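Right, one structure below, let's go through it.
Just so we're clear, the structure is a prediction, and the values are computed from it rather than from any experiment.
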Amino acid sequence: MKTYKYISAIISACMLLSCSNDLSEKVFSYVTDQSYEYTEDDFNPIVASVYRPVRDFIGHQNWYMAQESSSDAIVMPANASGWDDGGIYKRMHYHTWNSEQVHIGNLWNTLYFGITLANKVIEQIENDIVPAPSPEIKTLGLSEVRAMRAFYYWMVCDNFGEAPLVKEVTEEMPSKNTRKEIYDFIVSELKDVHNILPETHGGTQYGRINKWAAKTILANIYLNAEVYTGQPAWEECLALCDEIIGSNKFNLADNYNAAFRNSGIENLPEIIFTIPFDRDFAEGNSIHMFSWHGELKKKYETEATPWGSGSAMGISQFIDTYHPNDTRLEDSWLMGEQYAADGTLLTGVYDMLDLPLTFTKDLPNGEYTLETEGYRMNKFEVIAGSTHNSSTDFPLFRYSQVLLMKAECLLRTNQGGAGVLVTQVRNRAFKENPSMATVTDSQLRENSVYQYGYVENYIITKPGNQDPVVLGRLLDELGWEFAWEGFRRRDMIRFGTYTTKSWLSHEPQGNYRTVFPIPEATLTSNPNLVQNPDYK
């Protein structure tokens with residue numbers, strides 16, 4: 001198990017925009033934010049506190065499954081063990097969520113909690129309420145917090161579009177800003193600070209934003225600029241990718257699954273920015289709990305029993321896009337017969353009682369499946385003794401994404417060289433069949449191999465929109481490389497498939513679904529806000 005240094009820091013902050021109208025403070029301690037005298041020893045823990053909200057991202061009712069289960073790769077159907085919960089997971093698949101959807105409310109609150117923390121810390125450092133050990137450390141700390149605030153605002157911009165842009169501690173009820181205004185603020189902040197941040201990769205900077213992580217965030221924002229503002233920024237993204245590649249600080253691990261192991265990754269040169277987790281001190285990674293069948297406790301010897309027969313699983317149409325020799329298939333998806341640690345064949349306990357626990361690929365629909373249907377998560381290592389929290393970290397950015405961002409920019413701007421970059425990423429997935437790793441620029445411009453269409457009883461019955469996907473093969477490559485990593489919704493929107501194609505039990509519900517609605521509780525508590533367009 002990796003060594004994880006847990007820093008506990010308490011900052012008084014309201015859950016911005018979704019708190020009640022009662023702003024009176026109730027003090028349950030003799031020490032308040034106003035009376036506590038900070039010292040230089042508090043500086044680093046205060047800066048580190050702004051990272052706390054990201055650990056809430058990786059849940060089945062927050063950012064993670066809002067990205068994945070609304071896409072064409074993963075679905076969370078009901079089964080004999082439950083997993084209906086009033087239809088909340090299926091609504092993400094159908095794209096019929098409303099402003100009371102739990103994923104959306106949790107995501108909003110998590111992001112604005114992070115923003116509120118960052119605003120508070122910036123105020124405290126700028127006004128020397130929290131003294132810095134030196135002017136240089138003060139500048140570094142402020143730059144790090146501003147970069148993390150920009151990251152949270154990127155998630156706001158990406159998921160909600162128009163939203164409040166609050167840059168200081170305030171009790172005023174804010175109004176909405178345009179998506180372009182939020183985009184411009186993020187870009188300005190990151191351009192201001194990224195060259196101030198330390199270049200150190202790994203070590204004490206592991207899990208924190210350094211110069212290269214800030215540049216990668218900015219590159220991602222430029223990659224999606226046309227979605228956010230209507231104006232592309234391919235050349236800007238390309239320039240940043242070249243800087244990151246040219247730094248020679250990063251490279252691909254020899255094995256694809258190295259970035260998803262429980263230990264030995266702190267200095268892995270493939271990882272650019274990650275969310276550190278620890279089963280005891282930094283909880284939040286529970287993917288195995290909502291994807292795995294409870295009987296897998298006997299296989300992986302976990303302390304906790306996964307919930308029921310699990311739910312998060314691969315959509316068969318997506319699984320069918322993999323080449324059978326692509327090792328990322330087995331590195332990402334748990335399939336076939338399952339055995340206990342002692343070699344005993346595991347069996348079903350619900351509608352497949354006493355029958356072999358064999359995970360099969362094909363799904364009848366996105367509504368209800370048998371307990372053994374659907375490939376499950378096999379990407380993030382879960383070691384023996386894991387509770388409902390895994391100690392395996394979650395990489396937000398890997399070097400392979402920088403290579404594929406550059407490839408996309410080259411294709412979008414009609415420049416050559418994309419195939420070489422994609423081949424570089426594919427090489428480790430086809431070690432036994434190296435000739436199959438090679439892909440050309442022209443192949444990346446071909447249509448996606450995904451067989452889109454509405455499924456009933458395992459069969460596509462309504463093809464729906466069958467227009468070719470521009471750069472469809474590149475979209476496929478992104479899917480194979482980043483399955484289970486939270487990329488798919490954003491990639492689908494950029495490639496134009498998220499609101500146009502049908503898959504499993506999903507049919508298009510309108511282009512306005514590329515952003516989520518503002519949560520109902522937030523609208524109720526703040527009369528200055530109006531709902532995003534077309535949401536009733």
Side-chain angles (χ1 to χ4, degrees), residues 60-78 83-108 155-163 179 224 226-228 230 311-318 363-368 448 450-456 460-470 472 475 479 486-520 522-523 530-536:
H60 61 299
Q61 295 181 358
N62 207 313
W63 173 83
Y64 185 53
M65 275 295 125
Q67 312 307 303
E68 293 288 11
S69 66
S70 67
S71 80
D72 62 3
I74 291 174
V75 65
M76 292 186 67
W83 284 106
D84 185 68
D85 293 7
I88 59 173
Y89 310 112
K90 290 185 285 191
R91 283 197 291 273
M92 297 306 294
H93 176 66
Y94 300 151
H95 286 200
T96 56
W97 57 72
N98 58 27
S99 60
E100 295 183 344
Q101 181 76 17
V102 63
H103 301 71
I104 294 167
N106 287 342
L107 175 56
W108 178 278
M155 292 290 100
V156 170
C157 179
D158 186 70
N159 286 276
F160 295 99
E162 297 178 355
R179 203 176 202 183
N224 295 280
E226 191 167 14
V227 173
Y228 302 152
S311 181
M313 61 187 64
I315 293 175
S316 26
Q317 290 152 289
F318 178 76
L363 305 181
N365 51 54
E367 289 238 3
Y368 189 94
S448 168
Y450 197 114
Q451 296 299 305
Y452 285 104
Y454 183 84
V455 174
E456 293 178 290
I460 293 177
T461 58
K462 292 183 285 184
N465 180 301
Q466 292 293 307
D467 292 343
V469 180
V470 177
L475 177 60
F487 283 71
R488 191 63 177 177
R489 170 188 164 271
R490 188 163 62 247
D491 288 343
M492 289 183 69
I493 291 171
R494 193 171 66 256
F495 281 79
T497 60
Y498 189 70
T499 59
T500 61
K501 300 292 187 181
S502 300
W503 58 86
L504 202 56
S505 293
H506 164 85
E507 292 183 290
Q509 300 297 316
N511 287 334
Y512 70 99
R513 296 275 169 176
T514 56
V515 295
F516 295 122
I518 296 176
E520 193 63 31
T522 299
L523 292 174
V530 294
Q531 187 54 276
N532 283 336
D534 295 320
Y535 282 106
K536 296 182 180 180

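Counting all heavy atoms, side chain and backbone alike, Met76 lies closest to Ser69 at CG-CB, 4.5 Å. Shortest non-hydrogen contact noted between Ser316 and Leu363 is OG-N, 3.3 Å. In this structure, Val227 and Ile493 approach most closely via the heavy-atom pair CG1-CG2, 3.8 Å. Here the closest heavy-atom approach between residue Pro519 and residue Gly105 is recorded as CG-CA, 3.8 Å. Scanning both residues, Phe487 and Glu68, for their nearest heavy atoms gives N-OE2, 4.2 Å. What you find for Val469 and Leu475 is that their closest heavy atoms are CG1-CD2, 4.2 Å.
Neither side chain, Ser505 nor Asn365, offers a donor N or O lying under 3.5 Å from an acceptor on the other. In this structure, a donor-acceptor pair under 3.5 Å is present between the side chains of Tyr498 and Ser70. Neither side chain, Tyr535 nor Glu520, offers a donor N or O lying under 3.5 Å from an acceptor on the other.
The distance from the CE atom of Met92 to the CD1 atom of Ile104 is 5.5 Å, given to the nearest 0.5 Å. Summarising the geometry, atom CD1 belonging to Ile315 is positioned 5.5 Å from atom NE2 belonging to His93; distances are rounded to the nearest 0.5 Å. In this structure, Thr499 OG1 and His506 NE2 are separated by 8.0 Å, a value rounded to the nearest 0.5 Å. In this structure, the separation between CD on Gln61 and NE2 on His103 is 6.0 Å, given to the nearest 0.5 Å.
Environment of CD in Gln531: crowded, with over 12 heavy atoms of neighbouring residues, nucleotides or ligands closer than 6.0 Å.
Among Trp108, Trp63, Tyr228, the one residue that satisfies the ring-ring contact (aromatic ring centres under 6.0 Å, His included) test with Phe160 is Trp108. Between Tyr452 and the options Leu504, Thr500, Thr497, a side-chain contact (heavy atoms from CB on, under 4.5 Å) holds for only Thr497.
Although no hydrogens or angles enter the test, the distance criterion places no donor-acceptor pair under 3.5 Å between the side chain of Asp491 and the main chain of Gly479. With Glu507 contributing its side chain and Ser502 its backbone, the two residues share no donor-acceptor pair below 3.5 Å. For the pair Arg513 (side chain) and Pro508 (backbone), a donor-acceptor distance under 3.5 Å is absent. Using a distance-only test at 3.5 Å, with no hydrogens or angles considered, a donor-acceptor pair links the side chain of Lys501 to the main chain of Asp467. Here the side chain of Gln67 pairs no donor or acceptor atom with the backbone of Arg488 at under 3.5 angstrom. Within the 3.5 Å criterion, the main-chain N or O of Ala312 finds no donor-acceptor partner in the side chain of Trp83. Under a 3.5 Å cut-off, the side chain of Gln101 and the backbone N or O of Ile88 do form a donor-acceptor pair. A donor-acceptor pair under 3.5 Å is formed between the side chain of Tyr450 and the backbone N or O of Asp72. At distances below 3.5 Å, at least one donor-acceptor pair connects side-chain atoms of Arg489 with backbone N or O atoms of Thr514.
Aromatic ring pairs are classed by plane angle as parallel below 30°, tilted from 30° to 60° and perpendicular above 60°; the pair His95 and Trp97 is tilted.
Between Glu367 and Pro77, the closest side-chain pair of non-hydrogen atoms is not below 4.5 Å.
Comment: Asp84 engages Lys90 in a salt bridge, judged by a side-chain N to carboxylate O separation of less than 4.0 angstrom.
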| query | Could you walk me through whether Val470 and Phe495 pass the side-chain contact (heavy atoms from CB on, under 4.5 Å) check? | reply | CA-CA 7 Å; Val470 177; Phe495 281 79; over 6 Å; no
| So Ile74 and Met65, side-chain contact (heavy atoms from CB on, under 4.5 Å) or not? Walk me through it. | CA-CA 9 Å; Ile74 291 174; Met65 275 295 125; 4.3 Å; yes
